[in-house]
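Before any comments, here is the structure.
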Amino acid sequence: MLRKVVAKELREIVRDRRLCAAVGAVPVLLIAILAMNWYERRRLVESQHAAEHAARENWLNQGNRDPHGAAHHGTFLFKPKLPLSFFDPGLDPYLGTTIRLEAHRQHRLANRPAADGVDPLRFDAATAALTLQVVLPLIAILLGFSAISGERERGTLPLLLSLGVPCGRLLLGKAITILSVAAFLVSPVALFFGGALAGTGHEASLTDTAMREALIVFAYAMYLGGWVSLTLGVSARAGSSRMALIVLVAIWATSVLIVPRLASETARRVYPLPTQEDIERQTKQAMRTADGKSRAAERSRQLETQLLAQYGVSRKEDLPMNFDGVALQAAEELTDQIHDEVDASLEAILARQDRLVEGAALVSPFLAIRTASMSLAGTDRSHHDRFSRTAEEHRRTLVRTMNEALARRKRGSDLQTPTGRELWESVEEFRYRAPSWHWSARAVVPQLALLGAWFAVTAGLALSAKPGFRGAD
Amino acid sequence: MRFLRVLHWEWRLATSERSYGMTLAILSGLTLLADLAGVSWAAERRGVIDSTRAREAENLRFMRSAFSDEADLETIAGRRLSASERTQAKTLRVIAKLPTSLAYFGSNWSALLRPSFLAPLAIGHSDLWPDRFAITAWSKRTNLEREDVVNPFHLATGPFDPSTLVVAILPLVLIVLTHDMISADRERGILALTLSQPTPYSQVVLARLVTRVVVPSALVIGVSALGLVIAGGANRFAAGPAVRFVLWSALVLLYGAFWGGLALMVNALGNSSGANAILLVVFWVGTVIVGPAAVVKGAALASPVPPRSELITVERAIRAEAEKNGQELLDRYYRDHPTLVRPDRKADPHGQTRWDAIALEVDRRMQPEFDRFRGRFEGQFHFSARWQPLAPALAVKSAMNDLAGTSLEHHLEFTARAEDYHSAFMDDLRPMMMTRHELSRPEFDRLPRYDDHGLADAIHAATIARGFGVLGAWSMVFYLTSILRLRRAIAVS
């Protein structure tokens, strides 16, 4: 029976040439988008590898300068593109990609790729993930809004029910049909996912990419299943196909277009972020004591007194180490501490904003899938922050190594410590390994639960409908 | 006269439908929310720019005081100062006469882009591109790399402002109201009756377009105007902003007419209301989502902007080379500027002039790289403009951003001016940096100040004309096709 329902539904879809043309454009579009993003990712990966290599060479070949000069010369790090970013670039275009490492200053990642584009609308439809999140529900709506109401309007519903087709079976058959068509439409993604597995490089392991892909497929299945169930539920309950379509498009527009923008705008208003100038002022203020004196200078004085007493000498020059290196490291630790405090306060605001937006996912499954998808693809803010923190750790190691080298460099005995290339090589090359899939999966448990709930509620809505009663009126 | 009667009748018919009133109420509510978002964003940006200007003015007063006997910092500031502000003010007074410290210190000379009066209507690119650059002696790339801390999710979601609402949500509302403007008559079985009346059916259709297209569009314009008037300040009745608002309103009406024409054409095909709705939703996806994305992606492929990592790598390589030849660069500088007196070791104990010569060389050799980046970017821009006729939503949004002063063109121009200002600033200061002489008050006063000449209020006629042209041409095609279709026998059942 179920097979017959599915076959009949598929036949009807195939007969509607206009619908077929509209829907058939989706896989073509998807292939084009995936291919372009695949190519773009590869181009970026190559260019970043070249930039990383050049930055390392630049560091190693900086000549024989003094260690503090080298710490100022610093280096650059480049955020890697993870294997699944071709599918869902997520927030990557809106986050910095490069970070400068130098003494005294903790830079933030800069250069958002989105600023190098000309898109005034920012629907980001040129990504496969957004196409699935935005367009696929619409396809499901177009395929299914008249699934039950249409039968009723044509008078075929009582006929079908009188043949002994159980209502639930009828709905299930129609759902399977729409899902099969949707699966056909998104099949190009599987091809590219396979390619991503084959091409996994040092950024992530094969298992990691495979698990991420599996979770992405699961999340999208829940999301799409929810839309199909909702469509059938509304179609079964609506007075007419027209009303069903209007209600469904209104729900879709609210979920996809209105709620995300309103939630994000509200979050920005309720939890405002400080400007760059505010942060700089806050940092400068934190560097001074209540009476306006430099905390770094005070710390240096304290350290000097302490070391002079410890070594029983009366002049810095008589200390067994170069005091400048020790003082610079102490100042560095002070700026690190202040930076951590400022960063923590910023992070708290951003986290509150994110929580508010994630809360809106209760009424917008689009927000739930968007968050889950980008997190599993490794292109969300938490992945970015993790890279940023690792880069900062590397900066601290680099600066500490230079300050310690300077501290060992006592005037007149330069040969006691490595210099030049030998010293630069003692700072290990930066290697970043993206977090494992467990880490991402744990972060998206609420979103996956929401998507599961979305599917369960909409399936309940569809299954609890009694389409026959209205038709019998 | 007869048309007014028909219009009155259609209006009564429309308002008797509960869904019509509800749809208009929802549209008004959403416009109000979009308005609030736009107004608050523009006010926030204005606040940041004004406070930066105020701080800069105060800093300048502190620095000027270094050339006079005026010493009481709080009198100079005209307010109470905290301990750290006092320390900062003292530092400013010390560096005021030292060109090198002055040039590297920052936060004294900025290039600022103040939002225009119409900015609340379209946030445009203003959330992605900087509206202020601190101009210092650091490299041009460093100066132009400014980015505010923003939640990336907010950037990715895109702004919610009246123009976005017009481009994306108004068409959906119009689809709901117009997808059955003829087919409903047929489905209710009253089309034959209507056609048999002496009133030409074209007038009925026109009246429907007025009630279902013009009224919602006008509602959006009205609510948006209200927001502007409330937030407008002294500018609200100025002629320039008024003209730009009229143009923005005309774009809204024309965009409404575009969707009305499309709905009419689809209705004229003689399909059912359901089929019309499907077709219009597919058109919406094509026009608002797929079309613009295709053009933008096409532009990125046709003229790809190299990754910023390339710019950084090139700059680092140039700097490394310049550092190696630092002494030679320094010698050459003084050879090329024979009137400048080279400072002795006492005047330049740390060899700062060598670093300044290196910085000059880096900026000089980086200029072609900047030009290459800019060229690629402009290539994208021209590609997008060339293909906008195929993406009307892109054309109309670009025109609306331009009228609001938040377009890409505005930001590109602002960046170019900031770059020029950096050059002018350094050209003025560098000779003094290289001679290590102290600045006099007239020299300090002669340092260039940034003037944006009301950049945000300027409009780009070609972008606006393109918006009107694309919408006008498509609308004409839709209405002419509809008229031709409707002149033929209409299927009444």
Side-chain angles (χ1 to χ4, degrees), chain A residues 22 29 36 44 47-48 51 54-55 58 76 78 91 94-95 97-98 110-112 114-126 134-135 138 142 146 241-242 245-246 249 253 257-258 260-262 264-265 268-269 273 275-277 279 284-285 288 290-292 346 350 353-354 357 381, chain B residues 30 33 37 40 48 52 83-84 86-87 124-125 128-129 145 147-158 160 167-169 172 176 180 273-274 277-278 281-282 285 289-290 292-293 296-297 299-301 305 307-310 312-313 316-317 320 377 380-381 384 393-394 397-398 401 408:
Chain A
L29 195 73
M36 276 191 292
L44 276 174
S47 126
Q48 290 206 338
N58 183 287
F76 275 87
F78 306 92
L91 300 180
Y94 303 95
L95 287 163
T97 49
T98 64
N111 295 314
R112 301 177 181 123
D116 290 335
V118 291
D119 185 6
L121 279 166
R122 241 175 290 162
F123 284 117
D124 277 347
V134 175
V135 181
L138 257 186
L142 295 183
S146 63
S241 297
R242 179 185 164 231
L245 182 65
I246 290 174
V249 170
L257 297 177
I258 299 169
R261 287 179 190 236
L262 277 181
S264 159
E265 191 57 45
R268 198 183 66 78
R269 293 279 301 155
L273 279 160
T275 62
Q276 194 81 304
E277 287 85 350
I279 297 170
K284 270 185 191 162
Q285 257 172 18
R288 301 208 166 267
D291 53 355
L346 274 182
L350 287 167
Q353 289 189 346
D354 284 350
V357 173
R381 201 169 65 77
Chain B
L30 286 174
L33 287 173
S40 84
V48 170
T52 309
S84 85
R86 200 168 296 127
T87 313
H125 290 266
L128 262 179
W129 282 66
E145 207 179 63
E147 280 173 10
D148 262 323
V149 182
V150 191
N151 192 323
F153 193 84
H154 185 72
L155 293 177
T157 316
F160 189 66
V167 172
I169 294 166
L172 286 172
V176 167
D180 58 351
S273 298
I278 293 181
V281 169
V282 170
V285 172
I289 296 188
V290 179
V296 168
K297 203 76 189 169
L301 285 174
V305 176
R308 293 281 158 162
S309 54
E310 261 184 55
I312 290 167
T313 305
R316 298 281 284 181
F377 205 79
Q380 279 199 33
F381 188 76
S384 161
L394 201 60
K397 186 68 168 68
S398 302
N401 285 352
L408 194 56

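As the structure is a computational prediction, the values presented were derived from the model and not from experiment. We name chains A, B, ... by the order of the sequence lines, and we start the count at 1 in each one. Because only heavy atoms are used, hydrogens play no part in the values below, and waters and symmetry mates are left out as well, while side chains stay in.
One finds the CG atom of Leu257(A) at 10.5 Å from the CG atom of Leu30(B) (value rounded to the nearest 0.5 Å). Atom CG of Asp119(A) and atom NE2 of His125(B) lie 7.0 Å apart (nearest 0.5 Å). From Leu138(A), atom CG reaches atom CD1 of Ile289(B) across 7.0 Å, with rounding to the nearest 0.5 Å. One distance of note links CZ of Arg268(A) with CG of Asn151(B); it measures 10.5 Å at 0.5 Å rounding. Rounded to the nearest 0.5 Å, atoms CG (Leu350(A)) and CZ (Phe153(B)) are 13.0 Å apart. Glu310(B) CD to Phe78(A) CZ: the interatomic distance, rounded to the nearest 0.5 Å, is 10.5 Å.
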Quiz item: Is there a side chain to side chain contact (heavy atoms under 4.5 Å, CB included) between Val296(B) and Leu121(A) once you walk through the steps?
Solution: CA-CA 10 Å; Val296(B) 168; Leu121(A) 279 166; over 6 Å; no
Quiz prompt | Residue pair Val135(A), Val285(B): steps toward the side chain to side chain contact (heavy atoms under 4.5 Å, CB included) verdict | solution = CA-CA 8 Å; Val135(A) 181; Val285(B) 172; 4.3 Å; yes
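Looking at Ala156(B), both its backbone and its side chain come within 4.5 Å of chain A, counting heavy atoms on both sides. In this structure, the portion of Ile312(B) lying under 4.5 Å from any heavy atom of chain A is its side chain and not its backbone. Of the atoms belonging to Arg86(B), not a single heavy atom falls under 4.5 Å from chain A. For Thr275(A), the parts sitting under 4.5 Å from any heavy atom of chain B are the backbone and the side chain alike. For Thr157(B), the parts lying near chain A are the backbone and the side chain together; criterion is any non-hydrogen pair under 4.5 Å. If you measure heavy-atom distances from Ser47(A) to chain B, the contacts under 4.5 Å come from both the backbone and the side chain. Residue contact with chain A, scored on non-hydrogen atoms closer than 4.5 Å, involves the backbone and the side chain of Ser309(B) alike. For Ile278(B), the parts lying near chain A are the backbone and the side chain together; criterion is any non-hydrogen pair under 4.5 Å. With a 4.5 Å cut-off on non-hydrogen atoms, Ala115(A) touches chain B through its backbone and its side chain both.
At least one side-chain heavy atom of Val150(B) sits under 4.5 Å from a side-chain heavy atom of Arg112(A). Counting heavy atoms from C-beta outward, Phe76(A) and Thr313(B) have side chains that stay 4.5 Å or more apart.
Here the closest non-hydrogen pair linking Leu155(B) and Tyr94(A) is CB-CD2, 3.5 Å. Of all heavy-atom pairs spanning Ser264(A) and His154(B), the tightest one is OG-ND1, 2.6 Å. For the pair Gly117(A) and Gln380(B), the tightest heavy-atom approach, listed with the atom from each and the gap, is CA-OE1, 3.8 Å.
With sequence neighbours left out, Arg288(A) forms a salt bridge (charged side-chain N to carboxylate O under 4.0 Å, His left out) with no residue at all.
Each of Leu262(A), Leu29(A), Leu346(A) has some count of heavy-atom pairs under 4.5 Å with chain B, and the biggest count is that of Leu262(A). Of the listed residues (Ile258(A), Thr98(A), Asn58(A)), the one with the most heavy-atom contacts under 4.5 Å to chain B is Asn58(A). Your options are Pro152(B), Ala277(B), Gly158(B), and the one with the most heavy-atom pairs under 4.5 Å with chain A is Pro152(B).
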